[in-house]
Q: 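Here it is, the structure, as structure tokens.
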Amino acid sequence: MLVYSNVFVHEETGDVLGYDLALKRKGDLGVDALLYVYEGGNSDEGVPLSGQVSKSRLSVQGTWVEHLVEYPSKKEIVQTHSVRIVGTLDSTAFRGDLTIEGMGEREHVQLKRAKRIWSCRK
């Protein structure tokens, strides 16, 4: 898989923030992807996405099912978000727009090529 990332550790808080995007080509134009969202700690599971890459243009979409726990009741809450990523891809970087429904506006992201996803780094 090709991995693109902008994940970093916030200096003051120690929180892990950013995104990893792992891509696996299937056939000539098809692509499967996993998006890892870091909002303070490790991302346990990638959001499965699928779409296509034509020349250097990537377009993938999918659904993020987020399982949360409400405190103090410890009630499980399930939230579903539509995810869409569109942009330009090359051997060193991805530049484009990331939209996660219900989590703010479209975000412009720049991800650099990485050897592995953050949670697999030592």
Side-chain angles (χ1 to χ4, degrees):
M1 292 188 106
L2 298 176
V3 176
Y4 297 86
S5 180
N6 69 356
V7 178
F8 68 99
V9 177
H10 190 274
E11 200 170 300
E12 290 180 20
T13 64
D15 289 344
V16 179
L17 303 169
Y19 304 100
D20 279 334
L21 179 63
L23 303 170
K24 181 179 180 184
R25 288 193 184 244
K26 59 178 201 178
D28 289 341
L29 299 176
V31 64
D32 285 332
L34 291 171
L35 174 67
Y36 294 85
V37 179
Y38 300 91
E39 300 176 310
N42 272 342
S43 179
D44 296 331
E45 295 181 18
V47 178
L49 308 170
S50 63
Q52 62 183 13
V53 60
S54 178
K55 297 185 181 179
S56 63
R57 192 77 178 154
L58 174 71
S59 175
V60 292
Q61 57 277 331
T63 302
W64 178 17
V65 179
E66 195 176 17
H67 297 272
L68 305 170
V69 178
E70 181 179 76
Y71 287 96
S73 67
K74 296 187 182 179
K75 177 182 174 186
E76 182 180 2
I77 299 170
V78 177
Q79 293 182 351
T80 303
H81 309 279
S82 174
V83 177
R84 180 168 173 77
I85 300 173
V86 177
T88 304
L89 180 70
D90 64 35
S91 61
T92 62
F94 169 81
R95 291 171 192 82
D97 294 320
L98 166 64
T99 305
I100 301 176
E101 177 188 57
M103 298 190 72
E105 305 256 334
R106 177 177 60 204
E107 181 179 353
H108 184 74
V109 294
Q110 294 185 36
L111 310 176
K112 294 181 182 177
R113 182 74 186 275
K115 292 185 179 183
R116 61 189 61 86
I117 62 171
W118 178 267
S119 55
C120 291
R121 297 177 186 171
K122 291 185 178 182

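This is a predicted model, so every value here is computed, not measured. When a residue number appears, it is its place in the shown sequence, counting from 1.
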Q: Start with the C-alpha distance between L35 and L98, add both sets of side-chain angles, then the distance that settles side chain to side chain contact (heavy atoms under 4.5 Å, CB included), and finish with yes or no.
A: CA-CA 10 Å; L35 174 67; L98 166 64; 3.9 Å; yes
Q: What's the separation between atom CG in D97 and atom CZ in R106, rounded to the nearest 0.5 Å?
A: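 It comes to 4.5 Å.
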Q: I'd like to know if the side chain of Y38 pairs up with that of D20 as donor and acceptor (distance under 3.5 Å, no hydrogens or angles considered).
A: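 Yes, a side-chain donor-acceptor pair sits under 3.5 Å.
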Q: Evaluate the criterion side chain to side chain contact (heavy atoms under 4.5 Å, CB included) for residue pair I85 and F94; output intermediate values, then yes/no.
A: CA-CA 10 Å; I85 300 173; F94 169 81; 3.4 Å; yes
Q: Over all heavy atoms of both residues, which pair between L34 and Y36 is shortest? Give the atoms and the distance, please.
A: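 Looking at all heavy atoms of both residues, the shortest contact is CD1-OH, 3.5 Å.
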Q: Please state whether the rings of H81 and W64 are parallel, tilted or perpendicular, taking 30° and 60° as the class boundaries.
A: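 Rings of H81 and W64: tilted, 30 to 60°.
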Q: When rounded to the nearest 0.5 angstrom, what is the spacing between OG in S5 and NZ in K112?
A: 10.0 Å
Q: So which of E76, K75, E70 actually passes side-chain hydrogen bond (donor to acceptor under 3.5 Å, both in side chains) with S73?
A: E70
Q: Could you please spell out the steps behind the side chain to side chain contact (heavy atoms under 4.5 Å, CB included) verdict for V3 and R116?
A: CA-CA 6 Å; V3 176; R116 61 189 61 86; 5.5 Å; no
Q: Report the distance from atom CD of Q52 to atom NZ of K26, rounding to the nearest 0.5 Å.
A: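 If we round to the nearest 0.5 Å, Q52:CD and K26:NZ are 11.0 Å apart.
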Q: Closest heavy-atom contact between Y19 and E107?
A: OH-OE1, 2.8 Å
Q: Taking all atoms of both residues into account, what is the closest heavy-atom pair of Y4 and D90, and its distance?
A: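 The pair with the smallest heavy-atom distance is OH-O, 2.8 Å.
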Q: Is the F8 ring parallel, tilted or perpendicular to the H10 ring (thresholds 30°, 60°)?
A: tilted
Q: Report the distance from atom CZ of R95 to atom CG of L111, rounding to the nearest 0.5 Å.
A: 9.5 Å
Q: Any link between I117 and V9 through a network of hydrophobic side chains (Ile, Leu, Val, Met, Phe, Trp, Tyr) touching at under 4.5 Å?
A: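 As far as the 4.5 Å side-chain criterion goes, V9 and I117 are connected within one cluster.
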Q: Step through the shown structure and confirm whether more than 12 heavy atoms of other residues, nucleotides or ligands are within 6.0 Å of CZ on R113.
A: yes
Q: Is the shortest side-chain heavy-atom distance between V86 and R57 below 4.5 Å?
A: yes
Q: Compare every heavy atom of L23 with every heavy atom of A33, then report the nearest pair and how far apart it is.
A: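 Shortest heavy-atom contact: CB-CD2, 3.5 Å.
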Q: Any idea which heavy atoms bring V47 and V83 closest together, and the distance?
A: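 Here V47 and V83 meet closest at CG1-CG2, 4.3 Å.
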Q: Shortest non-hydrogen contact from G18 to V7?
A: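 Where G18 meets V7 most closely, the heavy atoms are C-CG2, 4.1 Å.
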Q: If you count the non-hydrogen atoms of other residues, nucleotides and ligands that lie under 6.0 Å from CD in E11, is the total more than 12?
A: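 It does not: E11 CD has 12 such atoms or fewer within range.
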